[in-house]
Amino acid sequence: MAVADPVYDLTFKRHYLHPKYWPTWLAIAALWLLAWLPVRARDAFAGAFTPLLMRLAKKPCYIARTNIKLCFPALTASQVDAMLAHSIRAGLMTFISYGEWTARSKSYLQGRFKVHGQAHLDACLAADEKIIFMIPHTWAIDAGGLYLTSLGLPMCTMMHSAKNEVFDWFINRQRARFNGIVYERDAGIKAVIKTIRSGKHFFYLPDQDHGREASLFVPFFGEPKATLPALPKLVKLTGAKVIPVLSVYNTELHRYELVIRPAMAPYPTSDLTADTRAMNAEIEALLTEWPEQYMWFLKYFQTQVDTEEGRYEAGIRAIRKR
């Protein structure tokens with residue numbers, strides 16, 4: 001793997017067969033088999049575990065409830081729990097169907113999607129624009145990227161490596177199935193800029209908290225959030241258009257849906273803070289009809305404006321003492 005082009009190494013390593021990884025291989029085999037079950041039966045099976053997970057996953061559920069309350073302060077406690085339950089249900093259904101993207105055919109997978117706003121994408125492609133797909137963390141985020149690459153769009157993205165080497169290899173091999181390029185996040189952004197300039201599109205995840213030093217505090221659902229101001233800088237360096245996209249799993253209709261909004265314009269402007277806030281506003285607009293699809297368990301508000309203590313730490317300590 002060349003230093004100048006740090007693409008994720010998809011080569012199978014012999015040590016992946018070590019006995020410590022056998023449970024991982026069994027899980028991957030189970031996901032592959034589940035990919036062939038009727039979708040409604042598989043979804044019903046996954047959804048049945050929602051109450052159990054809400055009882056057992058105390059720390060993630062605490063983080064999720066905190067995030068939902070911050071973003072939707074008007075909700076009652078029962079409404080917060082209802083959104084959390086719906087989110088967990090969507091997450092379970094998405095996870096248990098994860099093997100589809102390795103096991104099933106391209107035509108089958110494309111048939112699992114309904115697209116809203118296709119004209120916005122077509123307009124950019126017709127103008128031969130380079131595109132940054134700005135996509136927040138939903139449970140179906142990987143499915144959205146794989147759908148776009150399955151259409152033949154030349155794509156690249158950056159991902160954190162998973163702690164489990166075998167599962168990391170499996171998911172990144174899957175992400176690259178339709179010729180997508182996966183870069184290691186800790187390798188830096190230069191390779192991505194070069195790749196976008198060469199004509200490929202970028203699958204950009206904008207919403208995680210990267211700490212105080214790298215971020216600007218701008219509102220997200222009315223709450224100050226440490227937000228990375230990288231998107232406007234990327235646009236200036238590459239000349240790409242930004243298309244906000246949401247990838248979701250419709251738990252009622254048992255299908256994926258891709259929501260495409262118009263390209264952000266004018267973008268960027270001369271005001272970096274306003275541009276960063278505009279990105280968060282687009283995420284809010286995307287989530288308006290699908291708030292339950294968000295990965296609420298992530299520490300989006302960990303960095304606080306007026307203290308060095310993480311937003312969730314006191315509550316997590318209290319959970320551990322119980």
* Sidechain N-carboxylate O distance under 4.0 Å for Arg89, Glu252 -> yes

* Tyr267 and Ala278: which non-hydrogen atoms are nearest, and at how many Å? -> CE1-CB, 4.2 Å

* Closest heavy-atom pair and its distance - Ile132, Leu234 -> CD1-CB, 4.0 Å

* To do: Identify whether the distance between the nearest side-chain nitrogen and carboxylate oxygen of Glu308 and Arg212 falls below 4.0 Å.
  => yes

* Heavy-atom pair of closest approach, residues Ala35 and Ala103 -> CB-CB, 3.9 Å

* Should we say atom CD of Glu213 is surrounded by more than 12 heavy atoms from elsewhere, each under 6.0 Å from it? -> no

* May I ask you to say whether Asp81 pairs ionically with Arg65, meaning some side-chain N is under 4.0 Å from a carboxylate O? => yes

* Take Trp101 and Tyr147 through the test ring-ring contact (aromatic ring centres under 6.0 Å, His included) and record every step on the way to the result. => CA-CA 9 Å; Trp101 295 92; Tyr147 173 78; 7.8 Å; no

* Asked: If only atom types and distance count, is the side chain of Trp25 paired as donor or acceptor with the main-chain N or O of Tyr16 below 3.5 Å?
  -> yes

* Structure fact -> The salt bridge (charged side-chain N to carboxylate O under 4.0 Å, His left out) partner of Glu313 among Lys59, Lys299, Arg320 is Lys299

* To do: Evaluate whether atom CZ of Phe95 has more than 12 neighbouring non-hydrogen atoms of other residues, nucleotides or ligands under 6.0 angstrom away.
  => no

* Under a 4.5 Å cut-off applied to non-hydrogen side-chain atoms, are Asn67 and Tyr312 in contact? -> yes

* Asked: Between the side chains of Thr195 and Tyr183, is a donor N or O closer than 3.5 angstrom to an acceptor N or O?
  -> yes

* To do: Report yes if the side chains of Lys13 and Glu165 come closer than 4.5 Å at any heavy-atom pair, otherwise no.
  => no

* Asked: Between the side chains of Tyr21 and Asn164, does any donor sit under 3.5 Å from an acceptor?
  -> no

* Asked: Transitively linked via ILVMFWY side-chain contacts under 4.5 Å: Leu37 with Leu92?
  -> yes

* Asked: Thinking salt bridges, do Arg255 and Glu257 make one under a 4.0 Å N-O criterion?
  -> yes

* Cut-off 3.5 Å, side chains only: do Asp9 and Thr11 have a donor facing an acceptor? -> yes

* To do: For Trp36 and Trp32, work out which heavy atoms get closest and say how close.
  => CD1-O, 3.0 Å

* Asked: Going by distance alone, is a donor N or O of one side chain under 3.5 Å from an acceptor N or O of the other, for Asn172 and Arg175?
  -> yes

* **Heavy-atom closest contact (Val248 atom, Ala140 atom, distance)** => C-CB, 3.7 Å

* Under 4.5 Å between any side-chain heavy atoms of Phe113 and Leu151, yes or no? -> no

* Asked: Which atoms form the tightest heavy-atom contact between Met279 and Met134, and what is the distance?
  -> O-CE, 3.9 Å

* Output every pair passing salt bridge (charged side-chain N to carboxylate O under 4.0 Å, His left out) with a member in residues 99-109, not counting sequence neighbours, ordered by first then second residue. => Arg42-Glu100, Glu100-Arg112

